[in-house]
Amino acid sequence: MYPKNLADIPKAYNPKDVEDKWYQYWYEHNLYHSEVDESKTPYTIVIPPPNITGILHIGHILNNTLQDIYIRYKRMKGFNACWVPGIDHASIATEAKVVAMLKARGINKDNTSRADFLKYCYEWKEKYGGIIFKQLRKLGVSCDWQRERFTMDIHYYRKVVEAFVKLYKEGYIYRGYRMVNWDPASRSAISDEEVFYKEVQGKLWYFKYTVKDSKEFVVVATTRPETMLGDTGIAVNPQDERYKHLIGKTIVLPIVGREIPLFADDYVDKEFGTGAVKVTPAHDVNDYEMGLRHNLEIVNIFNEDATTNGNVPAEFRNLDRYDVREKVVARLEELSLLLKVENYTNKVGYSQRGNVPIEPYLSEQWFMKMDELVKPALEVVLDGKVKFHPEHWTKTYEHWMTNIRDWCISRQLWWGHRIPVWYHKETHEIYCEVEPPNDIDNYYQDDDVLDTWASSWLWAQDVFTNEREQKYYYPTDLLVTAPDIIFFWVARMIIAGMHFMKEIPFKDVYFTSTVRDTQGRKMSKSLGNSPDPLDLIDEHGADALRFTMTYIAPLGQDVHFSNEMVEIGRNFANKMWNAGRFLLMNLASQQSGAKNIRLDPSLKDKHIDFTDRWILSRFNKTIKEFTEALDRFEVNAASKLVYSYVWNDFCDWFVELSKQRLYQGSEEERSAVLTRAILLFEEMLKLVHPFMPFISEEIWQLLDERKTGESISTSAFPEYDLRKIDEKAESEILFVQEVVTAIRNIRGEMNVAPSKAINVLLKTDQLTKEQTKYIKSLVRIDELKVDPNMNKPKASASAVVKGCDIFVPLEGLIDLNIERTRIEKEITRISGSLESVKKKLSNEGFVAKAPAEVIERERTKMNDWEKALEKLKVILADLT
RNA sequence: GGGAGCUUAGCUCAGCUGGUUCAGAGCAUCUGCCUUACAAGCAGAGGGUCAUUGGUUCGAAUCCAUUAGCUCCCACCA
């Protein structure tokens with residue numbers, strides 16, 4: 001299916017040629033579809049459905065990459081992996097976008113029918129939902145696209161409504177006239193969680209309110225002068241001597257002329273402001289509560305859009321809240337009632353969606369009683385049935401859950417799940433059922449829709465559309481999400497799961513890093529610091545982006561991202577690509593014809609030496625550490641492990657070591673070495689695959705003839721075998737590496753041209769012939785002599801490795817000064833280390849209390865260094 | 001006001017339950033190389049009293065406490 005002509009394999013990896021091709025292939029062969037299969041254990045993830053308000057950003061990339069890593073990993077591990085993709089209707093956010101879009105087209109929502117408006121919303125959903133799914137495919141996610149879900153699908157919609165009806169009948173949902181957070185922009189109530197607080201540079205105004213029938217006045221301080229039009233009382237602390245005599249007196253409210261009481265309430269802080277508080281029960285939560293305690297009149301002065309209504313004097317009506325503010329202040333100044341103005345920073349609640357200050361506002365809304373519902377959901381997290389990663393989020397969760405207040409779930413919007421409540425036109429009796437009443441003509445339906453989160457809280461359970469599926473896939477295994485929706489979504493899904501399913505919705509929750517720019521700022525459109533993931537993919541490939549994200553994003557910490565960082569992944573992809581090319585080129589040179597097949601698997605276990613045992617040992621260790629890291633949700637650690645194995649162990653050393661036998665071995669030996677290298681490389685690609693699905697598939701397919709529909713993504717993940725771990729081979733290689741590095745060091749420091757071959761003398765009795773052979777091949781040596789009894793030749797550069805003295809004769813080339821400096825530096829280094837070991841060993845406490853093996857290790861170190869030091873001193877003396 | 005997290009090389013960060021030359025990686029810098037997989041590369045090199053102070057311990061980047069700085073979350077102070 002793929003032209004396997006080696007001449008076509010470019011030197012530099014080009015993801016553009018590769019990525020779309022394989023995504024198409026996976027899709028066509030339906031490799032990621034999951035069905036109920038009782039013979040296999042499911043591994044299930046439901047995607048945090050992106051809002052259809054826009055396109056995906058870099059945070060989504062991280063989030064979805066992580067999910068894909070786990071899904072691919074578990075799929076290869078033999079689980080029935082099922083990843084359900086979907087999107088969220090995002091009630092208030094989308095409605096705001098659609099209203100704005102219509103406005104741009106010259107259409108006013110107020111002149112549009114509900115049905116027409118919903119049509120526009122669905123158009124929007126089709127467009128942006130499509131973009132989102134396209135982006136996800138570009139990223140390479142292995143979702144089950146046959147399971148695409150939307151929070152307003154017919155089935156899902158019904159489930160949301162059923163949940164409402166059930167909770168209503170159980171008494172958890174009630175309707176009430178309460179003070180809520182009002183968003184004047186969308187003209188809807190919002191929940192406490194949708195309010196965020198901003199520090200605002202404001203002012204504190206001091207007003208004089210006169211006491212009725214008296215010359216006395218009371219001074220109040222306020223940050224919101226306009227609300228004075230709705231004042232219905234003045235509060236002071238009962239202990240406050242300044243005001244004790246005034247308690248019970250009547251105050252005349254300026255401008256309005258209303259007579260209001262002055263009363264005492266413990267809420268008032270004597271120290272703040274003047275110690276006297278103007279009380280506006282309709283427009284402040286605390287004032288409202290004081291109002292209830294003291295039976296104050298409640299005067300609502302605002303319309304739904306936060307303009308003033310008929311409850312204020314005529315000249316102040318129908319004005320925006322900030323215009324009224326100026327007007328009120330101006331009038332009070334005219335009346336000489338404005339005492340002073342101070343600068344004051346305070347925190348103002350803003351609507352998360354509308355980004356305008358919210359208004360505490362009295363209105364009739366639907367609420368969910370939370371205190372009882374929360375209990376089982378808190379329990380399962382505290383006792384570890386649902387595990388958070390990192391674990392410390394449980395504290396945040398516990399705090400929120402134990403201080404939870406009732407949830408305002410109704411929204412004065414059209415886009416969303418309409419509340420399944422009908423009121424009788426005459427009796428006003430409430431009818432709450434999934435289906436409308438039979439005598440529908442006698443009823444009218446509640447206009448409001450549900451909070452988005454009162455639909456997505458069922459996501460983990462109701463993306464499965466029949467009982468059999470639900471039973472098989474639920475509880476899901478892993479939820480990967482940003483920590484900023486821990487209350488909105490994670491907590492509520494657990495609540496819903498425990499209430500409706502009597503079972504947790506997921507076993508593990510992975511909280512991702514928040515992606516910031518290099519200055520630590522959150523990525524945002526308004527700052528313009530948010531890169532478009534598609535641009536990055538276009539430039540470097542999805543694999544590069546995916547790998548980079550996991551490489552730089554530690555568990556539970558913010559990550560600082562910049563576009564250049566994607567080069568980490570790009571370079572890594574290129575490295576693997578070229579390692580693959582190296583193998584393929586050798587393959588081609590050893591066989592006739594265009595077919596690339598593994599040479600001869602029967603030679604797999606022939607011509608094995610310590611380099612083979614070493615790489616196998618390293619590989620098995622890597623698999624072990626890699627899988628353990630993933631199982632602990634340390635994706636970042638896993639990506640570093642695979643990176644270092646591929647680059648350092650496999651490419652830097654194993655490939656270089658192999659060249660000796662590939663170029664100089666017998667025919668059979670060459671085949672054996674190459675066969676093994678390819679088999680090992682294939683296994684390595686499987687480790688990489690969850691992180692970089694495209695390039696691993698591409699190379700894997702190039703390495704051998706594959707059947708139609710065969711894919712690395714459905715191959716078996718490597719299992720480690722502890723018997724393959726070979727400490728002896730590892731130390732043998734380490735010895736080779738140390739000697740080689742020492743020789744290269746001499747070359748570099750002594751400025752020996754790389755083209756110039758040198759002679760090297762090794763004074764040791766510990767090198768095997770094999771090791772010698774490899775050393776020779778790795779450092780471009782003309783002649784290599786090994787003799788345990790040799791004397792140091794004149795004019796040579798030297799180095800001392802444990803158990804081996806190295807001499808490089810450089811007659812005529814050597815600069816004694818450079819060499820002396822080199823040796824002196826080495827002496828200083830070793831002396832320092834020796835000093836600290838000696839100190840340790842002369843410490844009685846250490847010798848008495850440390851474990852025997854630790855002491856033994858220190859003794860060995862001391863001996864080695866003492867010997868090395870002695871030798872170096874002799875060498876140095878020889879140089880002077 | 002309460003809570004969580006962070007502070008290690010010029011930059012971005014690894015270093016798990018204290019002990020393997022543990023003080024590391026990548027980028028950046030310097031030196032030398034287009035060596036028949038890879039210059040998106042190879043081989044070397046320089047660079048850090050692990051934020052502060054104290055404690056526990058034979059032994060601390062690692063555990064405890066303290067101080068300072070930064071970040072985030074929660075909370076009704078007009």
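Each chain gets a letter, A, B and so on, in the order its sequence line appears, and its residues count up from 1.
- Counting non-hydrogen atoms under 4.0 angstrom, A:V559 reaches nothing in the nucleic acid.
- Comparing the C1' positions of B:C13 and B:A61 gives an interatomic distance of 15 Å, to the nearest angstrom.
- Counting non-hydrogen atoms under 4.0 angstrom, A:Y13 reaches a base of the nucleic acid.
- Atom CD in A:E564 sits roughly 14 Å away from atom P in B:C13 (whole-Å rounding).
- OP1 or OP2 of B:G41 has at least one side-chain nitrogen or oxygen of A:N571 nearer than 4.0 Å.
- Comparing B:A78 with B:A9, their P atoms are spaced 41 Å from each other, to the whole Å.
- Counted within 6.0 Å of CD on A:E844, heavy atoms from surrounding residues, nucleotides or ligands total 12 or fewer; the atom is thus considered open.
- By the 6.0 Å contact criterion, CD on A:E391 is open, its count of non-hydrogen atoms from other residues, nucleotides or ligands being 12 or less.
- Between the side chains of A:K861 and A:S833, not a single donor N or O lies within less than 3.5 Å of an accepting N or O.
- When the side-chain nitrogen and oxygen atoms of A:Y663 are compared with OP1 and OP2 of B:A37, one or more of them lie within a distance under 4.0 Å.
- When the side-chain nitrogen and oxygen atoms of A:K659 are compared with OP1 and OP2 of B:A37, one or more of them lie within a distance under 4.0 Å.
- Contact between the side-chain N/O atoms of A:R744 and the OP1/OP2 oxygens of B:G44 is found at a separation under 4.0 Å.
- Within 4.0 Å (heavy atoms only), A:Y344 reaches sugar-phosphate atoms of the nucleic acid but no base atom.
- Contacts of A:P360 with the nucleic acid, taken as non-hydrogen atoms under 4.0 Å apart, are absent.
- Per the geometry, CG belonging to A:N843 stands 8 Å off C1' belonging to B:G59, to the nearest Å.
- For A:I818 and B:G44, the CD1 to P distance is 18 Å, given to the nearest whole Å.
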For nucleotides 20-24 of chain B, which of its nitrogen or oxygen atoms have a protein nitrogen or oxygen under 3.5 Å away, and what is each distance?
residue	atom	partner	partner atom	Å
B:U21	OP2	A:K861	NZ	2.5
B:U21	N3	A:W865	NE1	3.4

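- Taking a cutoff of 4.0 Å between a charged side-chain nitrogen and a carboxylate oxygen, A:E835 and A:K838 do not qualify as a salt bridge.
- Note on A:T741: a side-chain N or O is less than 4.0 Å away from OP1 or OP2 of B:G44.
- Applying the 6.0 Å contact sphere to NZ of A:K198 captures more than 12 heavy atoms from other residues, nucleotides or ligands.
- Ring pair A:F572/A:W647 is parallel by interplanar angle, where below 30° counts as parallel and above 60° as perpendicular.
- Between A:G580 and A:A276, the residue anchored closer to the 5' end of RNA chain B is A:G580, taking for each the nucleotide with the nearest heavy atom.
- A:E749 comes within contact range of the sugar-phosphate backbone alone, with a heavy-atom separation under 4.0 Å but no base atom that close.
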Output one line per pair: protein atom, nucleotide atom from nucleotides 72-76 of chain B, and distance, for all N/O pairs under 3.5 Å.
residue	atom	partner	partner atom	Å
B:A75	N6	A:K347	NZ	3.3
B:C76	O2'	A:N286	ND2	2.8
B:C76	N1	A:N286	OD1	3.3
B:C76	O2	A:N286	OD1	2.5
B:C76	O2	A:N286	ND2	3.1

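- Between the side chain of A:N578 and the backbone N or O of A:K11, at least one donor-acceptor pair lies under 3.5 Å.
- On the C1' atoms, B:A51 is 8 Å away from B:A68, given to the nearest whole Å.
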**Request:** Given side-chain hydrogen bond (donor to acceptor under 3.5 Å, both in side chains), test A:T741 with A:E738 step by step and report yes or no.
**Result:** CA-CA 5 Å; A:T741 304; A:E738 280 176 345; over 6 Å; no
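- Paired runs in RNA chain B that reach 3 or more consecutive Watson-Crick or G-U pairs, where each pair keeps both distances under 3.5 Å, cover B:1-7 with B:68-74, B:10-13 with B:24-27, B:29-33 with B:41-45, B:53-55 with B:63-65.
- Applying the 4.0 Å criterion to OP1 and OP2 of B:C38, one finds that A:K575 has every side-chain N and O outside that range.
- Between A:N863 atom CG and A:K802 atom NZ the span is 10.5 Å, to the nearest 0.5 Å.
- No engagement by A:V279 is indicated, since no non-hydrogen atom pair under 4.0 Å with the nucleic acid exists.
- Nucleic acid contact for A:A848: none, since no nucleic acid atom lies under 4.0 Å from a heavy atom of the residue.
- Nucleotides B:A39 and B:A25 place their P atoms 23 Å apart, quoted to the nearest Å.
- Applying the 4.0 Å criterion to OP1 and OP2 of B:G46, one finds that A:K825 has a side-chain N or O inside that range.
- Taking only distance into account, the side chain of A:E656 meets the base of B:A37 through a donor-acceptor pair shorter than 3.5 Å.
- Of the N and O atoms on the side chains of A:Y774 and A:R661, at least one donor lies less than 3.5 Å from an acceptor on the other residue.
- As rounded to the nearest Å, B:C70 and B:A75 have P atoms that lie 24 Å from one another.
- Taking every heavy atom of both residues into account, A:I775 and A:I781 meet most closely at O-CD1, 4.3 Å.
- Residue A:W647 is the one, among A:N745 and A:W647, whose nearest nucleotide of RNA chain B lies closer to the 5' end (criterion: closest heavy atom).
- Contact check, A:K278 against B:A78: no side-chain N or O comes under 4.0 Å of OP1 or OP2.
- Taking atom P on both B:A28 and B:C22, the two are 26 Å apart, rounded to the nearest angstrom.
- Taking a cutoff of 4.0 Å between a charged side-chain nitrogen and a carboxylate oxygen, A:K640 and A:E634 do not qualify as a salt bridge.
- Among the heavy atoms of the strands, none lies under 4.0 Å from A:N403.
- The aromatic rings of A:F650 and A:F654 sit tilted, their planes meeting at an angle between 30° and 60°.
- Comparing B:G59 with B:G44, their C1' atoms sit 35 Å apart, to the nearest whole Å.
- At a threshold of 4.0 Å, the pair A:K659-A:E656 counts as salt-bridged, since one of the basic side-chain nitrogens sits closer than that to a carboxylate oxygen.
- Nucleotides B:U7 and B:U12 have their C1' atoms positioned 14 Å apart, rounded to a whole Å.
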